[in-house]
Each structure stands twice: as structure tokens, then as C-alpha cells.
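Each residue takes its place number in the sequence, starting with 1. Remember, it's 1-based here, ligands and their atoms both numbered in the order they're listed.
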Amino acid sequence: MTNRRNFLKTAGLMTAAAALWKPSDLFASSPADVKGAGKKLDLQWENFMGKMKFTFNIAGSSRTETPIVITRITWGGKAGYGEAAMPPYLGETQASVNEFLKKVVNDVLPKFDNPFCIQDIMLAVDKLSTNNTAAKASVDIALHDLVGNIMGQPWWKMWGFDPNKTPYTCYTIGYDASDDMVNTKIEEASWTHMIKVKLGMEEKEDKRMINLIRAKRDTPIVVDANQGWKDKHHAIDMIGWLAERNVQMVEQPMSKYKIDDIAWITERSPLPIMADESCQRLTDIRGLKGAFTGINIKLMKCTGMHEAREMLTLARALDMKVMIGCMTETSIAISAAAQLSSEMEWADLDGNYLLGNDCFNGMKLVDGRITLEDKPGLGLTKKPGIISL
Ligand code: MG
């Protein structure tokens with residue numbers, strides 16, 4: 001009986017303590033403890049080859065796998081996962097990411113005793129080199145997952161975003177020279193409410209792809225020209241033709257080096273024109289105002305979630321539209337990007353669906369719509385037996 005009474009007393013105290021708990025309780029009051037009570041930020045990583053379900057064709061390249069590096073940061077018994085996904089055009093490799101992460105371990109992490117100062121940690125990570133944006137993102141994403149796990153909250157909630165406003169994800173129907181193959185892909189994409197098509201080829205092929213889809217589906221389409229159109233007059237003619245076929249938006253109509261031509265197109269276009277290859281990071285956005293209607297944020301280009309959040313704010317302040325996209329990524333980076341998705345006009349977060357060997361469960365699509373669950377961090381669960389990290 002006494003034991004039970006003591007238990008209830010203790011339990012009551014514990015409940016009261018939990019109610020008064022605040023993040024700063026993670027540190028005690030002594031100066032040494034404020035620095036993290038001797039806990040160390042530990043970064044590990046593992047190379048991983050993402051296998052695509054289909055050969056992926058875009059203007060200028062074709063591939064069947066994507067090199068990925070999975071990262072994990074631990075602190076005080078908690079862990080967070082991150083990822084660098086590297087399509088060839090980013091210019092990063094598993095070897096370059098491994099080298100970069102060694103520098104993070106040697107030169108950055110020893111200066112920080114806790115993961116909460118993401119802003120300062122990422123400033124220091126960013127200073128290590130001018131590029132390596134995917135490698136940087138792999139640190140940023142792991143830090144966000146870790147901090148969310150420690151706080152016991154998802155990032156969409158800590159940022160104050162409404163999980164009921166999430167968009168449908170675009171799903172890409174890849175180019176194929178065979179009508180039969182394209183028709184198969186259209187059927188496999190029957191669940192999607194927003195089709196994405198990669199154009200920027202010859203006019204005949206571009207129109208064939210749209211006509212094949214429109215023969216079977218009237219679902220809204222977004223088009224990504226991937227810098228493929230060479231002439232602004234051709235581009236604006238194509239955009240007019242697309243606008244008559246329930247296309248909602250066109251991404252990167254021409255080369256990022258032809259900003260004046262793109263501005264000319266945007267001025268005349270009946271559809272929003274979004275910057276992808278032209279927009280890597282926060283500092284690019286101001287120069288794109290006027291030339292594009294909006295920007296496509298991708299974590300692998302912009303060094304991760306903290307800068308993506310800043311890009312969203314700046315683009316909105318400049319009255320620009322915002323979408324969030326991805327590379328071929330596992331559920332780690334897709335779930336990270338999904339945290340921002342409710343603030344986006346469009347979300348193109350199908351990367352994990354294109355992978356045959358996703359190593360995590362994370363953000364789920366329900367009837368093609370991005371869903372944000374009330375789970376800590378990025379809401380990840382590791383699938384057994386795929387990676388050892
Ligand atoms: Mg694109």
C-alpha cells in the first residue's frame with residue numbers, strides 16, 4: 001500500500017515535471033552543462049545506391065540508379081538521419097560527399113556541443129566549400145531530424161504550418177520513344193492528381209507526350225522543359241499550345257544562361273514560369289524576380305531545410321510563387337521536404353516512389369496527396385535489412 005502511495009506520489013510529481021518541461025532543461029545550469037553536458041555530436045555515414053524502378057530520361061541524360069549517402073547524427077542517445085542524393089548534373093559523387101563529411105567531423109562538429117544551434121552549425125558547414133550542396137543538405141537534414149526527435153515534435157508543427165493544406169504531389173511520367181511504354185507509364189500513374197512531364201525535346205516529341213497523356217487522362221499537368229528549348233519564340237508557342245491542354249505551369253523553359261529570353265517568355269506567358277536550374281540558393285532569388293514567376297526549391301541544391309525555409313520567406317516577400325521539388329531520393333529527404341509542403345503552390349515529391357529500394361518509411365501519399373503525420377522529427381522509420389547505419 002505504501003509502495004503504491006509512493007508510486008502515485010512520484011508519478012504525480014513526474015507528470016507535473018513533464019508539464020513544466022522546457023527545451024532548456026536538456027541543459028543544466030552550470031556553464032559546462034549549457035554546452036551540452038559533455039555530450040558529443042557524432043556524425044556517421046553510409047554509401048547507398050538508389051535503384052530506379054524505371055530508366056529515367058530527361059532532356060540531355062538517362063539513368064537507372066542514383067548514388068546516395070545516408071548520414072546519421074547522434075547526440076545524447078538520440079539520433080537523426082539525413083541524406084545526400086546525387087544526380088550526375090549536380091557534380092557531386094559519393095567520394096566527394098565522403099570527403100566533405102570528414103571535414104565536417106574534423107573541423108565543424110567539435111566546435112558545437114549541441115544540435116540546437118542549427119543556424120550556426122550550418123553557417124560553419126557552408127563555409128567549408130563553395131559547392132557540395134547535397135553533402136551540406138545531408139548534415140542539415142540529419143540535424144533537423146535529430147532536433148525534432150529530441151523535442152518530440154515534427155518540423156511542420158514547430159514551423160507553424162497547417163498540415164491540412166498539403167498539395168497533391170506531382171508524379172513524373174518519363175519520356176519514352178515507344179507509345180506503348182508511355183501508355184504503360186500513364187496507367188501506372190493512375191493514382192496521381194498532378195502529372196509532371198519532362199519536355200524540352202523536338203516539338204514532335206513534346207506534343208506526342210502530351211497527346212498520349214491527354215488521350216487517357218484530363219488530370220492537370222505541369223511541364224518541366226529542363227532548359228531544353230533553344231529558341232524563345234518556339235518556347236512561347238509551345239507554352240500557348242500547352243495552356244490549351246490544361247497544363248498549369250512550365251519549369252525552366254530555357255537555359256539558365258538565357259535569363260533575358262526567359263524574362264521575355266515570362267512576360268508573354270499565359271502560364272507561370274518556374275525557375276529550377278536557375279535557382280539554387282537563397283542568394284539567387286532576388287536576381288530572378290521579374291524573369292520568373294516563381295522558384296522550385298530543392299533541398300539538395302539549397303543545402304537543406306534551414307535555407308529552404310528562408311527561401312520560402314524571401315520568395316513570398318518578393319510576391320513569387322514557390323514549389324518544392326526533389327531528386328531521386330529516399331524517404332529521408334522526401335520527408336524533410338514534405339515538412340514545408342503545405343506552404344507550396346506545387347510539390348514534386350515523388351522521388352522515393354521512383355526508387356525500388358527505399359531504405360526508410362516516412363512521408364506517405366494518400367490518394368496522391370502529401371500527408372504530414374504528428375511524429376517527431378521527419379517521422380522516419382528505418383526499414384530492416386537495407387542499410388546498416
Ligand atoms: Mg526541374
Side-chain angles (χ1 to χ4, degrees), residues 50 52 54-63 66 85-92 133-134 137 167-175 189 192 194-201 205-206 209-210 213 220-230 235 238-239 242 247-259 261-262 265-266 269 271-281 284-285 288 291-302 308 311-312 315 320-329 333-334 337-338 340-341 344-355 370:
M52 332 262 287
F54 307 104
T55 304
F56 199 63
N57 300 308
I58 60 170
S61 75
S62 155
R63 63 180 201 273
T66 296
M86 293 152 287
Y89 56 83
L90 266 188
E92 290 181 81
T133 55
Y168 290 114
T169 186
C170 306
Y171 181 75
T172 299
I173 294 180
Y175 170 79
T192 188
M194 186 65 71
I195 293 170
K196 183 165 182 173
V197 194
K198 302 280 197 176
L199 300 185
M201 300 165 287
E205 288 304 289
D206 282 353
M209 284 299 293
I210 298 295
I213 294 166
I221 295 176
V222 298
V223 159
D224 189 350
N226 280 116
Q227 316 186 81
W229 292 327
K230 305 297 175 217
M238 275 302 299
I239 293 166
L242 293 167
V247 169
Q248 288 203 339
M249 167 273 274
V250 173
E251 212 178 297
Q252 200 72 38
M254 294 181 70
S255 161
K256 61 182 176 182
Y257 301 111
K258 296 197 169 173
I259 188 86
D261 286 352
I262 294 172
I265 292 167
T266 300
S269 173
L271 300 178
I273 305 294
M274 303 293 281
D276 186 6
E277 287 85 345
S278 290
C279 181
Q280 313 287 320
R281 300 200 55 181
D284 295 327
I285 298 176
L288 301 173
F292 287 89
T293 323
I295 58 161
N296 185 351
I297 298 174
K298 290 180 180 167
L299 300 186
M300 294 302 139
K301 294 189 302 185
C302 78
M311 291 173 81
L312 166 66
M320 295 176 83
K321 292 186 186 297
V322 189
M323 71 178 287
I324 191 146
C326 63
M327 312 297 177
T328 310
E329 295 164 359
I334 296 295
L340 293 140
S341 63
M344 303 288 157
E345 263 93 15
W346 296 278
D348 182 12
L349 297 181
D350 61 355
N352 53 347
Y353 273 65
L354 301 174
L355 273 188
I370 292 165

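A donor-acceptor pair under 3.5 Å links the side-chain atoms of K301 to the main chain of C279, judged by distance alone.
Residue D276: an N/O/S atom is found under 2.8 Å from the Mg ion (ligand 1). Within the 2.8 Å limit, D348 places no N, O or S atom next to the Mg ion (ligand 1).
A heavy-atom distance below 4.5 Å is not found between the side chains of F292 and K321. V223 is listed as a side-chain neighbour of I210, based on a closest heavy-atom distance under 4.5 Å.
Within D224, the N/O/S atom positioned nearest the Mg ion (ligand 1) carries the name OD2. In E251, the N, O or S atom that comes nearest to the Mg ion (ligand 1) is OE2.
Residue E251 forms a side chain to side chain donor-acceptor pair (under 3.5 Å) with just one option from K196, Q227, K198, and that option is K196.
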